[in-house]
Amino acid sequence: MYFRISDIKNSDFIGKEVSIRGWIHRIRKQKENSFLLLRDERGDVIQIVYPSFKTDNLTIESSIGVKGVVHKDKRAPEGGYEVRGSDLDIYNLSQIDYPLGEYTSIDLLLEYRHLAIRTRRMTMISKIRSSLLRYLRDWFVYNDWFEITPPILVRSSVEGGSTLFKLNYFNDFAFLSQSAQLYLEAMIFSLGPVWSLSPSFRAEKSRTVRHLSEFLHLEAESPWVTLADLLKVQEDLISSTVSNVIKERKNEFEFLRIDTSKLENITPFSRMTYREAIDLLRNKDFKVVYKGSPRPIEYGDDLGIDAEKLLTENSHVPIFVTNYPLKIKPFYVKVDPNNEEEGLAADLLAPYGFGEITSGGLRESNLQQLTKRMMLEGLVSSDYEWYLDLRRYGSVPHGGFGLGIERLLRWILFMTDIKDTVPFPRTMSRINP
Ligand code: AMO
């Protein structure tokens, strides 16, 4: 029987013989003894001591099976346990030219991502990512929302033509989905509140620290909701998930030296209108580049990365920005009946400068209004007739939101580059491995 390393690092095992399997993480050969740091399939490590003659040919990343007796020795790294090895099985002797080491450059780590995911840092991140997905799913199960699986191959644009990936589809064309939103909207008529977790694709031409060309998108949609209801759902979902993840992954956060007190007591989320955000930015003398030269930000400008950074860097809690001008929001956003210039939409900005992590709001449920907005955006085509049918046959007030999993991770991991939050990042310049 083989043990996992986390199981044998306790006093019950001292003096007992165990078998473990894993990879050689580090190796230090001395005259009499060699000290291996063995890493198992869960990324945990333990020191193994062998007489040096047994380890002559061993190399970094060789996969081995170890039999030996557990000892407590405070000199042993990571908890003071070690195994004094007797038997040694070699599954595969790793080639001596293992390309990664302690001082490998960021570029090379991306080039060899299929191996870099074995680093302990990446293992910790992957475990946090997995817990995050689990607790998000738990929230929806607990609150009685149905999970659905939307198509990825589609004919419709949701978030604008400039970031669509177009492909050949049996001598016709199709797009990779930018958002499942329109399909979720269709499903609320028979399932009520629904949600999905699927990849979304954006042909982002800009290289930024927060854009991927493929990201994991959690989307939710519900009939009969108000904007206030949607904000409450997001606040509840995100705060309970973050709180569960930091509890479950305490060790991983510690390893990554992340101060989780910055992720505690994050409710209530704060709120400001888009107009208030613009006023705040103008008071701080924030400028945007317009036709090649800087000018003060104005009502009607998009809030970009730098603006969001300035708005959130001194906040401990996430901030909802509401009441965006309709002209900077997509066709489906519902007009505010009290102000025809603005939409009933909200973005959620993560604190400490991280910026947008969700976007959502109420959808235009009136057929004439929606058709007019789609015409203005040049979206009139037979490909959207099915979507308009949702307004023709029993339209109801409804709304939802989309949450970027990597954006959420980027905040809770306090990592600048979104590529660090995903095992195999896809960007303008990277599709392999
Ligand atoms: P939006 O385009 O704002 O809205 O996307 C929703 C959320 O998805 C994340 N996101 C991204 N993450 C990584 N890389 C990207 N290139 C990227 N683009 C977006 C962000 C963002 O807040 N259908 C609407 C949402 C809705 O109204 O329901 C939509 O897709 O976290």
Side-chain angles (χ1 to χ4, degrees), residues 129 132 136 150 152 154 156-165 175-188 193-222 225 227 230-231 233-234 237-238 302-305 308 312 318-322 324 326 328-334 343-350 354-365 373 377 379 387 398-412 415-422 425-428 430:
R129 186 179 162 100
L132 183 88
L136 288 168
I152 301 298
V154 296
S156 36
S157 146
V158 192
E159 301 300 321
S162 67
T163 59
L164 278 172
F165 279 110
F175 302 119
L176 290 178
S177 170
Q178 290 175 313
S179 159
Q181 182 194 319
L182 308 192
Y183 293 94
L184 286 150
E185 285 187 60
M187 298 294 287
I188 59 165
V194 290
W195 72 286
S196 63
L197 184 63
S198 56
S200 281
F201 303 86
R202 308 281 171 98
E204 299 282 357
K205 306 249 165 38
S206 55
R207 286 170 220 254
T208 79
V209 290
R210 66 174 197 177
H211 286 96
L212 294 165
S213 40
E214 174 179 339
F215 66 96
L216 195 57
H217 205 171
L218 186 152
E219 294 177 84
E221 196 74 28
S222 177
V225 282
L227 187 61
L230 284 174
L231 303 195
V233 166
Q234 294 176 62
L237 168 72
I238 292 169
D302 260 322
L303 300 179
I305 296 187
E308 290 179 3
T312 60
I319 304 173
F320 281 115
V321 179
T322 62
Y324 279 85
L326 267 190
I328 58 168
K329 282 287 175 189
F331 64 93
Y332 51 74
V333 170
K334 189 174 172 62
L344 295 171
D347 283 4
L348 180 63
L349 313 185
F354 285 96
E356 184 191 328
I357 53 173
T358 82
S359 187
L362 297 190
R363 319 304 188 187
E364 187 49 75
S365 48
R373 297 271 299 288
E377 291 199 22
L379 292 177
Y387 183 63
H398 67 286
F401 63 91
L403 160 72
I405 295 296
E406 291 79 12
R407 292 275 183 96
L408 175 57
L409 273 167
R410 180 172 167 263
W411 159 41
I412 69 167
M415 288 180 176
T416 309
D417 192 344
I418 198 165
K419 292 201 287 301
D420 287 342
T421 67
V422 59
R426 298 290 179 250
T427 63
M428 202 178 151
R430 186 162 298 282

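No experiment lies behind these values; they were computed from the predicted model shown. First listed ligand is number 1; within each ligand, the first listed atom is number 1. Position 1 is the first residue of the sequence, and the numbers go up from there.
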To the nearest 0.5 Å, what is the distance between [atom1] ([X]) and [atom2] ([Y])?
{"X": "Arg407", "Y": "Ile412", "atom1": "CZ", "atom2": "CD1", "value": "15.0 Å"}
{"X": "Leu348", "Y": "Leu230", "atom1": "CG", "atom2": "CG", "value": "12.0 Å"}
{"X": "Ser198", "Y": "Tyr183", "atom1": "OG", "atom2": "OH", "value": "11.5 Å"}

Which ligand 1 atoms are under 4.0 Å away from a heavy-atom of [X]?
{"X": "Thr358", "answer": "22 (O)"}
{"X": "Gly404", "answer": "7 (C), 8 (O), 9 (C), 31 (O)"}
{"X": "Tyr332", "answer": "23 (N), 24 (C), 27 (O)"}
{"X": "Glu204", "answer": "16 (N)"}
{"X": "Gln181", "answer": "23 (N), 24 (C), 26 (C), 27 (O), 28 (O)"}
{"X": "Arg210", "answer": "13 (C), 14 (N)"}

[atom]: the protein heavy-atom neighbour that sits closest, reported with distance to 0.1 Å:
{"atom": "atom 21 (C) of ligand 1", "result": "Glu356 OE2, 3.1 Å"}
{"atom": "atom 7 (C) of ligand 1", "result": "Gly402 O, 3.6 Å"}
{"atom": "atom 20 (C) of ligand 1", "result": "Arg407 NH1, 3.6 Å"}
{"atom": "atom 25 (C) of ligand 1", "result": "Ser359 O, 3.4 Å"}
{"atom": "atom 17 (C) of ligand 1", "result": "Phe215 CE2, 3.4 Å"}

**Prompt:** With sequence neighbours excluded, what pairs up with Ala345 under the side chain to side chain contact (heavy atoms under 4.5 Å, CB included) test?
**Reply:**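 Listed in chain order: Lys329, Val333.
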Short side-chain to backbone donor-acceptor contact, [X] and [Y], under 3.5 Å:
{"X": "Ser179", "Y": "Gln181", "answer": "yes"}
{"X": "Gln178", "Y": "Glu159", "answer": "yes"}
{"X": "Glu406", "Y": "Thr421", "answer": "no"}
{"X": "Arg430", "Y": "Pro425", "answer": "no"}
{"X": "Arg373", "Y": "Phe331", "answer": "yes"}

Of the side chain and backbone of [X], name the one, both, or neither that has a heavy atom under 4.0 Å from an atom of ligand 1.
{"X": "Glu185", "answer": "neither"}
{"X": "Ser179", "answer": "side chain"}
{"X": "Glu159", "answer": "side chain"}
{"X": "Phe401", "answer": "backbone"}

Who gets closest to [atom] by heavy atom: [options]?
{"atom": "atom 31 (O) of ligand 1", "options": "Ile357, Leu184, Thr163, Val158", "answer": "Ile357"}
{"atom": "atom 2 (O) of ligand 1", "options": "Gln178, His217, Arg202", "answer": "Arg202"}
{"atom": "atom 15 (C) of ligand 1", "options": "Leu212, Leu182, Thr208", "answer": "Leu212"}

**Prompt:** How far apart are the closest heavy atoms of Leu184 and Ser196, and which atoms are they?
**Reply:**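 The pair with the smallest heavy-atom distance is CD1-OG, 3.7 Å.
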**Message:** Can you give me the closest heavy-atom contact between Ile238 and Leu403, atom names plus distance?
**Reply:**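 Closest pair (atom of Ile238, atom of Leu403, distance): CD1-CD1, 4.5 Å.
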**Request:** Applying salt bridge (charged side-chain N to carboxylate O under 4.0 Å, His left out), name anything that partners Glu308, two or more places apart in sequence or on another chain.
**Result:**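 Once residues adjacent in sequence are excluded, the partners of Glu308 under the salt bridge (charged side-chain N to carboxylate O under 4.0 Å, His left out) criterion are Arg210.
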**Prompt:** Hey, is Glu406 one of the residues with a heavy atom under 4.0 angstrom from ligand 1?
**Reply:**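 No.
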**Message:** Could you check whether any heavy atom of Arg363 sits closer than 4.0 Å to an atom of ligand 1, since that is the contact criterion I want to use?
**Reply:**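 Judged by the 4.0 Å heavy-atom criterion, Arg363 does count as contacting ligand 1.
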